[in-house]
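Keep in mind that this is a model prediction, so the values were computed, not measured. Counting convention: from 1, in listed order, for ligands and their atoms alike.
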Amino acid sequence: MAVREDVRGREALLARYAAERAKRLRADGNAQYVRLDAVLGAAERDPYTAPIARQPVRDHVAFAFIGAGFAGLVTGARLVEAGITDVRLIDKGGDVGGTWYWNRYPGAQCDTASMVYMPLLEETGHMPTEKYAHAPEILEQCRRIARQYGLYDKALFQTEVRGLAWDDAAKRWDITTDRGDRFTASFVGLGTGPLHVAKLPGIPGIADFKGRSFHTSRWDYDYTGGDAEGAAMDRLADKRVAIIGTGATAVQAVPHLARAAAKLHVVQRTPSSVDARNNAPLDPSWFASIATPGWQKRWLRNFTDNQAGGTAREDLVQDGWTDIARRIRAKLVGLPREQLTQAALLDALEASDFEKMDEIRARVDTLVEDEITAAKLKAWYRQLCKRPCFHDTYLQAFNLPSVELVDTDGKGVERITERGFVVGTREYEVDCIIFASGFEVGSGFVERAGFDVVGRDGMTLSQAWAEGMRSLHGTHVHGFPNLFFVQPAQGANLISNVPHNLTEAGETVAAIVRHALDRGAAEVEVTAEAEREWVELLLKAPPTLRGAPDCTPGYYNNEGGEATPAMRLAVGYPAGPSAYFTYLDAWRRSGMFAGLEMR
Ligand code: NDP
């Protein structure tokens with residue numbers, strides 16, 4: 001059987017893409033997923049830190065930040081630099097780190113170059129050890145920031161906020177938690193991150209399995225052996241393991257499981273596009289030569305300038321993220337000015353994408369020995385339909401005799417039984433099922449956060465955002481004074497380097513709070529008009545190919561369903577991330593903070 005397919009020409013390729021998409025469309029969309037608690041129980045809450053016993057807190061802080069991941073850490077650091085040291089981080093995890101607290105699965109590492117991904121490298125004096133640092137080093141950077149800026153002092157861990165309400169008479173926020181805390185804060189930041197609620201596929205029988213099962217963000221090293229630092233998972237040597245899901249997490253974990261398990265079934269519904277990673281250690285003498293004052297800002301700027309058709313002449317980072325932008329530029333460079341239209345840009349984008357995806361599919365053939373397996377590992381969609389993946393050993397793992405790709409032809413696992421899982425007519429018996437099934441995305445902010453925010457005059461955030469997010473800069477919401485959202489949407493919306501959005505927002509929040517305190521203002525609030533004008537401006541953004549409606553289903557496009565009003569508003573600055581950061585810098589430096597009222 002000839003399995004090396006030759007899909008040539010735009011129409012044939014689009015037809016193939018459409019057919020693969022059609023296979024995967026499901027009527028239940030986001031409802032196909034369930035939360036961890038529903039299946040695995042509360043025991044899965046925090047496998048990394050023993051329960052923390054403490055008395056409830058009743059006090060007042062200048063600034064409370066919900067979430068101790070990158071958003072809370074960088075905002076906290078900038079506040080401290082601005083002289084606001086009375087900062088409290090609150091997090092459901094047992095330490096700082098957010099995503100990097102929870103995701104300790106084997107092989108976890110950043111997918112964006114450490115030099116731009118890891119926050120506050122220059123401030124902390126840390127040199128990343130690798131081009132793409134592994135998770136323990138990133139978690140340690142989080143701890144380093146917390147230590148350096150004194151953010152541990154007032155932090156509350158293993159604590160979930162249950163209530164956040166504005167007290168208009170006292171001009172402060174009342175905060176309650178699941179630990180019986182009841183305290184107040186003059187200012188509050190929200191940085192709970194988009195991917196903090198783990199989800200499981202709602203496969204029939206999922207609770208019946210009698211072996212061990214866990215989600216990748218709650219890795220059970222007691223069961224597997226080994227540790228997050230990279231020690232081999234020696235307790236899997238006699239185990240049959242299934243990993244369900246082949247997204248960015250599985251791509252990093254599979255090579256490690258493949259080496260450790262007696263038998264590994266990689267259960268695939270949709271293949272990821274897996275480009276080369278080219279990870280390498282960083283050379284200290286090279287680092288010393290470039291790490292001159294202001295280096296990280298220069299690198300951040302350069303990486304962002306290389307995105308979304310930016311205009312940078314050099315490419316410091318040189319990776320898969322900047323590669324596509326280089327290709328687009330190469331296609332546009334020869335065009336006369338009058339032909340540089342939006343349509344021409346979209347054509348260049350599409351042509352670059354086809355070229356890139358052809359290379360990625362060809363790469364599978366060069367690395368995977370079995371032709372049938374190779375064919376099944378090819379991704380038939382545009383690169384930005386799903387999260388692009390990069391790895392140097394994922395595809396090669398399928399050459400090991402102990403590794404079997406169980407491709408479900410877009411349908412997913414049919415059923416889970418006491419002994420294993422069923423795909424097609426076959427039951428696969430396994431000892432352990434690992435769910436690499438991702439995180440809740442389609443739900444609203446309030447649903448994921450687990451609490452509503454009650455602003456001025458009793459208005460809740462879910463009411464204010466009933467038709468989707470409305471803000472100035474993604475940070476300020478009318479009716480919610482002294483509250484700041486630290487997240488990417490409605491700002492730069494730079495997905496290739498999320499921390500860059502957060503460091504810019506954190507710096508801005510600190511500048512605003514400093515200014516308000518210096519002026520003796522008790523309240524900072526965006527005007528309704530500034531918020532409306534900002535949202536109107538954002539809606540002028542040109543269409544992008546990322547998660548377009550014709551994409552294969554996934555969390556980028558509401559599982560292939562209609563874009564909800566909320567999704568239509570999850571956009572960025574029309575002129576792109578670089579222009580946004582330039583704009584924001586000028587807005588901040590002007591000291592006017594146009595659109596905000598301080599009283
Ligand atoms: P994803 O949501 O990307 O992947 C979930 C996987 O589970 C998909 O392959 C999905 O298939 C599969 N799946 C869902 N339901 C079923 C089913 N019923 N049967 C079989 N398979 C099923 O989750 P990840 O944890 O991999 O990644 C989430 C995000 O986290 C990434 O997109 C990325 O943004 C981030 N991340 C970042 C990393 C980094 O920067 N280093 C590393 C890892 C993750 P299908 O595609 O068909 O839906």
Centroid separation under 6.0 Å, is that true for the rings of Tyr105 and Phe214? no
Using the ring centroid of each side chain, check whether Phe445 and Phe485 are separated by less than 6.0 Å. yes
With His500, the ring pair (Phe, Tyr, Trp, His ring centres under 6.0 Å) member among Phe303, Tyr580, Phe581: Phe581
Distance under 6.0 Å and angle within 45° of ring axis: Arg104 vs Tyr48: yes
Near ligand 1, at a heavy-atom separation below 4.0 Å: residues by chain and residue number: Tyr33, Tyr105, Gln109, Cys110, Asp111, Leu195, Pro201, Ile203, Ile244, Gly245, Thr246, Gly247, Ala248, Thr249, Gln252, Arg269, Thr270, Lys386, Arg387, Gly412, Val413, Ala436, Ser437, Gly438, Phe439, Tyr555
Under 6.0 Å from the ring centre and within 45 degrees of the ring axis: does the NZ or CZ of Arg361 meet both conditions for the six-membered ring of Trp380? yes
Checking Lys239 against Tyr223: charged group under 6.0 Å from the ring centre and within 45 degrees of the axis? yes
